[in-house]
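In what follows, a single structure is set out as structure tokens and then discussed.
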There are 2 protein chains.
Amino acid sequence: MNYAEFCKEIEMEKAAAFRNAVESNKGSIKIKKEKKLSENLSRIFDATIELANEKGFQAMSMRDLSSKASLSLGALYSYFSSKDELLEMIQGYSLAMVSVILTDSIKKETDSSKKLERAIRTHVYITEYMQPWFYFSYMEAKNMDRPAQKRAIEGELFTEKIFSDIIESAVSGKKPGDHDPVMTASLIKAMLQDWYLKRWKYRKRKIGPDQFADFLISFIRSSIM
Amino acid sequence: MNYAEFCKEIEMEKAAAFRNAVESNKGSIKIKKEKKLSENLSRIFDATIELANEKGFQAMSMRDLSSKASLSLGALYSYFSSKDELLEMIQGYSLAMVSVILTDSIKKETDSSKKLERAIRTHVYITEYMQPWFYFSYMEAKNMDRPAQKRAIEGELFTEKIFSDIIESAVSGKKPGDHDPVMTASLIKAMLQDWYLKRWKYRKRKIGPDQFADFLISFIRSSIM
DNA sequence: GTCTATACATAGATAGAC
DNA sequence: GTCTATCTATGTATAGAC
């Protein structure tokens with residue numbers, strides 16, 4: 001698998017996750033026509049991501065959003081009931097993406113060393129594909145209300161658990177004594193997050209997702225094996 | 001060196017960095033009495049860090065700040081000329097801290113493998129000691145104006161360069177072919193930042209700075225050696 | 001130096017016409 | 001479903017008394 005191949009397979013899952021995000025927020029959405037809803041809401045999402053990643057969600061005004069999304073201020077409130085709710089819809093969307101994609105992806109390998117490699121690669125690719133979304137979720141987590149913050153933490157721990165489980169079985173027996181899969185998984189997560197948090201750096205150095213994944217895999221391999 | 005020893009040595013440098021931060025902003029500070037200035041300004045800094053790390057700098061109002069710092073709204077503006085300037089004073093302070101401490105610290109070792117270990121350990125310790133400050137600088141960087149953002153980027157690249165230089169000379173000859181000190185330094189930086197960005201996680205797992213530094217050092221050692 | 005009072009701008013959200 | 005107009009709250013920053 002490389003990034004180009006990954007992209008071809010992802011579109012459907014993205015669309016499914018979007019429909020799911022809409023579904024779980026039906027309560028506060030006043031728009032009834034399916035097509036109009038999905039067209040406009042995804043434009044609203046995109047505009048929000050763009051503005052928030054530029055100056056922060058808090059600093060983005062609803063007027064900024066209304067002009068970037070080409071909808072009036074009043075119309076926006078037919079798609080969500082408050083600015084905070086918008087934040088949480090977007091968070092739910094990207095949280096669902098990473099967990100579904102990652103879980104599906106590792107099922108395709110049986111050997112645990114291959115599983116680890118695939119999990120890392122998939123994580124790099126999905127966060128590359130939706131970089132602004134993940135950047136947004138990471139940076140705005142502390143501005144969310146308590147339940148949404150809890151979901152963010154659970155999301156982090158969920159993906160970390162995927163990694164620590166794989167490492168547990170990959171390393172067992174092979175390395176003497178003191179290995180700690182949970183700590184190792186933490187560090188792996190940190191390096192994976194760097195990929196979507198510091199895009200300016202990797203872009204400047206002309207490092208693409210395939211290259212980053214390759215390097216990361218070999219770095220981790222030589223450390224835990 | 002362990003964390004407890006580190007703490008004893010740091011106080012003086014912290015005070016010097018604070019005086020320096022005051023000095024570089026004399027222009028917009030109206031308070032003339034040295035003692036009052038440093039007492040109140042450091043209370044203002046602390047209150048800002050605390051509020052901003054809780055709900056974001058943008059969301060923190062000057063009224064929040066005035067009540068937490070025990071100064072009236074009007075009085076605050078004798079210590080800085082705008083909310084944005086306050087942000088930048090704090091950023092300058094923590095940027096100066098890490099670069100001075102790190103540069104001094106590695107001078108104490110000659111062997112490049114020891115140098116690497118010491119740089120990592122020192123980075124963990126300084127960011128532990130001033131965790132809320134580093135968290136603040138990281139999270140609020142995108143809300144700063146252009147020049148301040150540039151300083152933040154230069155700060156990141158500066159510490160990364162320290163690491164890549166050490167790795168360059170530590171690894172040269174010892175590892176065949178494909179090592180890439182710059183990429184390795186990037187990953188190390190990412191793991192080091194995790195320490196102050198995800199405190200909730202390490203606290204929950206009862207991992208302290210010494211333990212984290214030990215683990216990180218052994219993880220990196222086995223990867224690059 | 002610090003306070004209170006207030007100017008002035010802009011925020012999020014709603015009402016009601018179309 | 002979308003618009004414009006507007007309500008009300010809150011924001012940063014300043015003026016001037018003490």
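Order of the sequence lines fixes the chain letters, A, B, ..., with proteins taken first and strands second; residue numbering starts at 1 for each chain.
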For this session: Look at B/Asp64 together with B/Lys68 and state whether they make a salt bridge at an N to O cut-off of under 4.0 Å.
Result: no
Let me check something: any side-chain donor-acceptor pairs from residues 26-40 of chain B under 3.5 Å, sequence neighbours excluded? List them with distances.
from: B/Ser28; atom 1: OG; to: B/Glu85; atom 2: OE1; distance (Å): 2.8
from: B/Ser28; atom 1: OG; to: B/Glu85; atom 2: OE2; distance (Å): 2.8
from: B/Lys30; atom 1: NZ; to: B/Tyr77; atom 2: O; distance (Å): 3.1
from: B/Asn40; atom 1: OD1; to: B/Arg43; atom 2: NH1; distance (Å): 3.0
from: B/Asn40; atom 1: OD1; to: B/Arg43; atom 2: NH2; distance (Å): 3.3
from: B/Asn40; atom 1: ND2; to: B/Tyr79; atom 2: OH; distance (Å): 2.8

Exercise. Of all of residues 34-44 of chain B, which get a heavy atom below 4.0 angstrom from DNA chain C, listed by number?
Worked result: B/Lys36, B/Asn40
Exercise. Short question: side chain of B/Lys14, backbone of B/Met97 - any donor-acceptor pair under 3.5 Å?
Worked result: no
Problem set entry | DNA chain C contacts among residues 49-63 of chain A, heavy-atom distance under 4.0 Å | A/Met60, A/Ser61, A/Met62, A/Arg63
Problem set entry | Ion pair check, A/Glu13 and A/Lys8, cut-off under 4.0 Å | no
For this session: Classify the ring geometry between A/Phe45 and A/Tyr93 as parallel (under 30°), tilted (30 to 60°) or perpendicular (over 60°).
Result: tilted
Exercise. Would you say the side-chain atoms of B/Gln91 pair up with the backbone N or O of B/Ala148, donor to acceptor, closer than 3.5 Å?
Worked result: yes
Exercise. Which nucleotide of DNA chain D is the first, and which the last, in the 5' to 3' direction, to come under 4.0 Å of a heavy atom belonging to chain B?
Worked result: D/dG11 to D/dT14
Exercise. Between A/Lys198 and B/Glu156, is there a side-chain N and carboxylate O pair less than 4.0 Å apart?
Worked result: yes
Exercise. Should the ring pair B/Tyr138 and B/Tyr196 be called parallel, tilted or perpendicular, given that the plane angle runs from 0 to 90° and is split at 30 and 60?
Worked result: perpendicular
For this session: Enumerate the residues from residues 73-90 of chain B whose closest heavy atom to DNA chain D is under 4.0 Å, giving them by residue number; use none for an empty result.
Result: B/Leu73, B/Gly74, B/Tyr77, B/Ser82, B/Lys83
Exercise. Under 4.5 Å between any side-chain heavy atoms of A/Phe6 and A/Ile126, yes or no?
Worked result: yes
For this session: Return the set of residues passing salt bridge (charged side-chain N to carboxylate O under 4.0 Å, His left out) with A/Glu140 (not counting sequence neighbours), or none when no residue passes.
Result: none
Problem set entry | Polar contact flag, side-chain donor to acceptor under 3.5 angstrom, A/Arg205-B/Ser186 | yes
Exercise. Do B/Lys201 and B/Asp194 come close enough that some side-chain heavy atom pair is under 4.5 Å?
Worked result: yes
